[in-house]
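All of these numbers come straight from a predicted model, not from anything done at the bench.
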Amino acid sequence: MAAEYRRQPADLTEAADGVKTSATDVFFPEPAKEWGTVVAAGIYDEARGGNQLAWDYLDEPMLAVPRRIAMIPRGGLRIGIIPASGADL
């Protein structure tokens, strides 16, 4: 991972129908050089180390290159619990 990459905090809305969304835009630092194609994002409980709580593929992979700021728009991050088939929450 590139030296300038950092996990970013995300403020979440109150849950509605079991789903929280990002309350604000989430910006990532500009890469100093090409990082490659970003295909997935993860949720961690710490800024460094910690536990990966969830991850998923992006709807559209993106190329992380200098002069392009990666951003998840407000509402673009959705976190919820999907029950197993036939199970109740």
**Message:** Test of understanding: with side chain to side chain donor-acceptor pair (under 3.5 Å), list the residues that count as partners of Thr13, not counting sequence neighbours.
**Reply:** Thr21
**Prompt:** Just how far is it from atom CD of Glu30 to atom CZ of Arg67, taken to the nearest 0.5 Å?
**Reply:** 8.0 Å
**Asked** Looking at NZ of Lys20 and CG of Asp11, how far apart are the two atoms once the value is rounded to the nearest 0.5 Å?
**Response** 11.0 Å
**Fill in**
Hits for side-chain contact (heavy atoms from CB on, under 4.5 Å) against Arg74, two or more places apart or cross-chain, chain-then-number order -> Asp25
**Prompt:** So do the side chains of Glu34 and Leu63 get within less than 4.5 Å of each other, counting heavy atoms only?
**Reply:** yes
Side-chain donor-acceptor pairs under 3.5 Å in residues 38-58, sequence neighbours left out?
| residue | atom | partner | partner atom | Å |
| --- | --- | --- | --- | --- |
| Tyr44 | OH | Gln52 | NE2 | 3.2 |
| Asp45 | OD1 | Asn51 | N | 2.7 |
| Asp45 | OD2 | Asn51 | ND2 | 3.0 |

**Asked** Under the side-chain contact (heavy atoms from CB on, under 4.5 Å) test, which residues partner Gln8, sequence neighbours left out?
**Response** Arg6, Val26, Phe28, Pro29
**Item:** Other cluster members, Ile69 - Ile/Leu/Val/Met/Phe/Trp/Tyr, side-chain contacts below 4.5 Å
**Value:** Phe27, Met71
**Request:** Check side chain to side chain donor-acceptor pair (under 3.5 Å) between Ser22 and all other residues, then give those that pass, not counting sequence neighbours.
**Result:** none
**Pro31 versus Ala64, closest heavy-atom pair with distance** = CG-C, 3.9 Å
